[in-house]
Amino acid sequence: MPELPEVETIRRDLVSRIVNKKIASVEVKKPKLVKNKLKDFINALKGNKIRDIKRRAKLLVFVLSDNKYLLIHLKMTGQLIFCQGKAITGGGHPFAVSKDWQLPNKYSHVIFTFSNNSQLFFNDLRQFGYLKIVEEKELLKILNDYGIEPLTADFTLKNFKNILSKSRTAIKTLLMDQKQIAGLGNIYASEVCFSAKVKPDRPANTLKEKEIKDLYRACNLILKKAIAKRGTTVNNYVDASNRQGSFAKLLQVYGRAGRKCRRCKKGTIVKTRINNRSAYYCNYCQY
DNA sequence: CGGAGTGTTAGTCG
DNA sequence: CCGACTAACACTCC
């Protein structure tokens, strides 16, 4: 579900709420989502403090006060929802939880309770997500295996060009390859290709100088804009405060199969499959 | 009812 | 090494 902008939105929301909070207890209802021995996991967290929350690609890294790190990956349908008392606070404007939005619900597989009784719920319908405690050495190895991180100094046009020139896989697939470029997923990869007027199935190493430059710009622009809009809600993604992201209104191609192109007004948005994933593009203004 | 599809990625196989 | 494909799971849609 969440891609870089959604995970970043969750990170920012959580930082303001749980940094420096002490974990009083942890309840694990689905042990298979925890990649440590259950006992070790709980022992490491109980009584610990959350010092900071970082993000690499779509992975959240909770920095604990004793040089250990809690990794949380939400994969397709994971959520992290913070709850204080009966209200889920968000943006300084607390609102009541609706009657049908009880927490925990049947997808709440791990529940953190802090010493002031506030709680963090890890919900995951499809149960692909995971939680893992690691020491610094393993953390560094995991972070190292990711490719260049957009919106950082590492993400230069030169690096980007270099990656594209070395692969003949479809550009959209390459954009989603976390070992190359870290953080883009299925929605934003289609959007980036549209923005640069590049057909998503073009082999990456056949792209022209200008197309590469436009793709590079589009990555930066779209990710920044999406973060500013607090991400994209397609089905049921919500941020850490149970709110929907508003970038969905700005999507140009994803989920718009059969509709007129918003840019050229001539073409139609077509849905195809590239490497087993859905891809959308305008059949008139993308080449 | 059955089958396809869903925002991710680790693992496998050629 | 590279690249393509699949499984992990629960639910919705046609």
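Letters A, B, ... mirror the listed sequences (proteins, then strands); counts begin at 1. For clarity, every value in this text was computed on a predicted model and none was experimentally measured.
In this structure, of C/dG3, B/dG7, C/dC11, it is C/dG3 that holds the atom nearest to the side chain of A/S167. Side chain of A/F128, nearest nucleotide from B/dT9, B/dA10, C/dA8: C/dA8. Among C/dA10, B/dT8, C/dC5, the nucleotide with an atom closest to any side-chain atom of A/Y107 is C/dA10. For A/K32, counting side-chain heavy atoms from C-beta on, the closest listed nucleotide (C/dA8, C/dC11, C/dT6) is C/dA8. Side-chain proximity of A/N275 to the nucleotides C/dA4, C/dT6, B/dG7 is greatest for C/dA4.
Shortest non-hydrogen contact noted between A/K172 and A/S190 is CE-OG, 3.8 Å.
Below the 3.5 angstrom threshold, one finds no donor paired with an acceptor across the side chain of A/R126 and the base of B/dT8.
Exactly one of A/N48, A/L45, A/N43, A/L139 qualifies for a side chain to side chain contact (heavy atoms under 4.5 Å, CB included) with A/I133. That residue is A/L45. If you run side chain to side chain contact (heavy atoms under 4.5 Å, CB included) between A/L131 and each of A/D124, A/L71, A/L70, A/V26, only A/L70 comes through.
Pairing for C/dC11 goes to B/dG5, judged as Watson-Crick or G-U wobble with the two contacts each under 3.5 Å. C/dA4 and B/dT12 make up a base pair, with Watson-Crick or G-U wobble contacts both under 3.5 Å.
Within the structure, every side-chain polar atom (N or O) of A/Q178 is placed at least 4.0 Å from both OP1 and OP2 of B/dT8. Note on A/T169: a side-chain N or O is less than 4.0 Å away from OP1 or OP2 of C/dA4. Taking 4.0 angstrom as the limit, A/R277 places none of its side-chain polar atoms (N or O) nearer than this to OP1 or OP2 of B/dT9. At B/dT6, one or more side-chain N or O atoms of A/R273 fall inside 4.0 Å of OP1 or OP2 (strictly under the cut-off). Between A/H73 and the phosphate of B/dT8, there is no side-chain N or O to OP1/OP2 separation shorter than 4.0 Å. Taking 4.0 angstrom as the limit, A/T173 places none of its side-chain polar atoms (N or O) nearer than this to OP1 or OP2 of C/dA4. Between A/S278 and B/dG7, a side-chain N or O to OP1/OP2 separation shorter than 4.0 Å is present. In terms of phosphate contacts, A/K75 brings no side-chain nitrogen or oxygen within less than 4.0 Å of OP1 or OP2 of C/dA8. Distances shorter than 4.0 Å separate none of the side-chain N or O atoms of A/K179 from OP1 or OP2 on B/dT8. Distances shorter than 4.0 Å separate some side-chain N or O of A/Y254 from OP1 or OP2 on B/dG7.
B/dT12 and C/dC9 are spaced 16 Å apart, taking the P atom of each and rounding to whole Å. Comparing the P positions of B/dG7 and C/dC13 gives an interatomic distance of 15 Å, to the nearest angstrom.
Comparing A/K30 and A/K166 by the nucleotide of DNA chain C whose heavy atom lies nearest to each, the residue mapping closer to the 5' end is A/K166.
With rounding to whole Å, A/D145 atom CG is found 13 Å from B/dT9 atom P. Going from atom CG of A/N276 over to atom C1' of B/dA4 covers 12 Å, rounded to whole Å. Look at CG on A/D177: it is 10 Å from C1' on C/dG3, rounded to the nearest Å. When rounded to the nearest whole Å, the span between CD1 of A/I187 and C1' of B/dG5 equals 14 Å. To the nearest angstrom, P of C/dC11 lies 5 Å from CG of A/L125. Atom CD1 in A/I171 sits roughly 12 Å away from atom P in C/dG3 (whole-Å rounding). Between A/N186 atom CG and B/dT9 atom P there is a gap of 11 Å when expressed in whole angstrom units. Between A/M76 atom CE and B/dA10 atom P there is a gap of 14 Å when expressed in whole angstrom units.
In this structure the side chain of A/L14 reaches within 4.5 angstrom of the side chain of A/L120, judged on heavy atoms. Looking only at side-chain heavy atoms (C-beta outward), A/L60 and A/R11 come within less than 4.5 Å of each other.
A/K35 comes within contact range of no nucleotide atom at all, as no heavy-atom separation falls under 4.0 Å.
A/F155 and A/F160 have perpendicular rings, their planes meeting at more than 60° on a 0 to 90° scale where under 30° would count as parallel.
Between A/Y188 and A/F247, the ring center distance clears the sub-6.0 Å criterion.
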